[in-house]
Each structure stands twice: as C-alpha cells, then as structure tokens.
Amino acid sequence: MLAKPSLTLKRRFKASPEKVYNAWIDPDKIVHWWGPSPDDEVILAEIDARVGGRFHLIFRERDGETNDCSGVYREVVPNEKLVFTWAWRSTPERVSLVTLTFKPDSGQTLMTLLHEQFFDEEARDRHREGWSGALDKLEAMLTA
C-alpha cells in the first residue's frame with residue numbers, strides 16, 4: 001500500500017512556546033488568525049483542548065464561501081505538543097492527522113506542523129497553501 005501524502009511546515013515565532021500554544025487552543029485568539037486569507041472571518045470557534053475533546057472551526061472567505069473543519073484531540077501536552085484529527089464538513093470521510101510541536105529556541109519558538117494522511121497530493125497542496133497563509137496571520141498576531 002502506498003503511503004498517503006503529508007506535509008511539514010516549520011515556523012519560528014518571536015514569542016514563547018506558551019504564547020504560541022495558547023494561540024491554538026484559545027477561541028478568543030484563534031478568531032484573529034485562523035484561515036488562509038487576511039479577509040477570512042471566523043464565525044465559529046469551539047475548542048476543547050483535552051484528549052478526546054473536539055474543536056470545530058468555521059470561517060467565511062471574502063466571496064462568502066464558508067469552510068467548516070473539525071476534529072478530535074488525541075494528544076495534548078501544554079506548551080509542547082498538540083495532536084488532532086482533521087476533517088472538512090464537505091468531505092468527512094477524508095480524516096487526516098495534524099501534529100504541532102512547540103520548541104523553545106533562544107527566547108523564541110520553533111513550531112513544526114506535520115499534517116499527514118491526505119487523500120491525495122492535490123489536497124496536500126491546497127492545505128500547504130492554506131496553512132502557510134494562516135501561519136503568516138498567526139505570526140502577525142503574535143508580534144502585534
């Protein structure tokens with residue numbers, strides 16, 4: 001059986017691991033950076049960051065299209081690691097897995113995002129673009 005496509009993104013943030021980690025688990029923070037485009041508006045952010053807890057995020061793009069994703073937390077290590085499933089409402093049968101690690105590095109944080117088990121390379125490539133835009137917005141929020 002062929003391995004399913006995956007992607008890895010690394011970002012260095014000028015913030016502590018605690019601050020970066022909290023940006024992922026606090027609904028009041030995630031609404032400021034979620035979504036790939038600066039014009040995206042988060043209209044729902046529910047986060048229960050504990051093993052077995054769920055997240056549900058809905059954002060609206062400038063053209064009015066809504067995007068709805070959710071998942072279940074499989075591993076939660078405060079300020080160090082988050083592992084959760086990922087599925088879009090439009091394709092619930094395509095469950096993938098996201099692992100985030102937060103490593104302190106000279107007063108900053110090196111965050112690694114590993115997104116695995118994509119349905120195909122096209123899905124991986126779309127997610128690379130989406131994650132890159134969202135992480136740009138996260139960086140801007142953390143340094144504001």
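Keep in mind that the numbers below use all heavy atoms, side chains included, and drop hydrogens, waters and symmetry copies. Note that the structure is predicted; figures quoted are calculated from it, not measured.
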### Query
Which residues pass the ring pair (Phe, Tyr, Trp, His ring centres under 6.0 Å) test with F84, sequence neighbours left out?
F55, Y73
### Task
Report yes if some heavy atom in the side chain of D68 is under 4.5 Å from a heavy atom in the side chain of H56; otherwise report no.
yes
### Task
Run the salt-bridge test on D120 and R126 with the 4.0 Å N-O cut-off and return the result as yes or no.
no
### T109 side-chain N/O to A15 backbone N/O, donor-acceptor pair under 3.5 Å
yes
### Query
Would you say R54 and S70 make side-chain contact, with heavy atoms under 4.5 Å?
yes
#### Entry: Other residues, nucleotides, ligands: >12 heavy atoms within 6.0 Å of E46 CD
yes
### Query
Is the count of non-hydrogen atoms from other residues, nucleotides or ligands lying under 6.0 Å from K81 atom NZ greater than 12?
no
### Query
If we only count heavy atoms from C-beta on, is the F102 to M111 side-chain gap below 4.5 Å?
yes
### Query
Any donor and acceptor pair, going by atom type alone, linking the side chain of K137 with main-chain N or O of S37 inside 3.5 Å?
yes
### Task
Using the ring of F119 (Phe, Tyr or Trp, six-membered ring only), decide whether R94 places NZ or CZ under 6.0 Å from its centre and within 45 degrees of its axis.
yes
### Query
Can you find a pair of side-chain heavy atoms, one from W24 and one from L138, that are under 4.5 Å apart?
yes
#### Entry: Flag side-chain contact, heavy atom, 4.5 Å: K14 against L142
no
### Query
Stepwise, does the side-chain contact (heavy atoms from CB on, under 4.5 Å) test hold for L82 with V76?
CA-CA 5 Å; L82 287 171; V76 177; 4.1 Å; yes
### Option from Q117, H115, E116, H127 for which side chain to side chain contact (heavy atoms under 4.5 Å, CB included) with S6 holds
E116
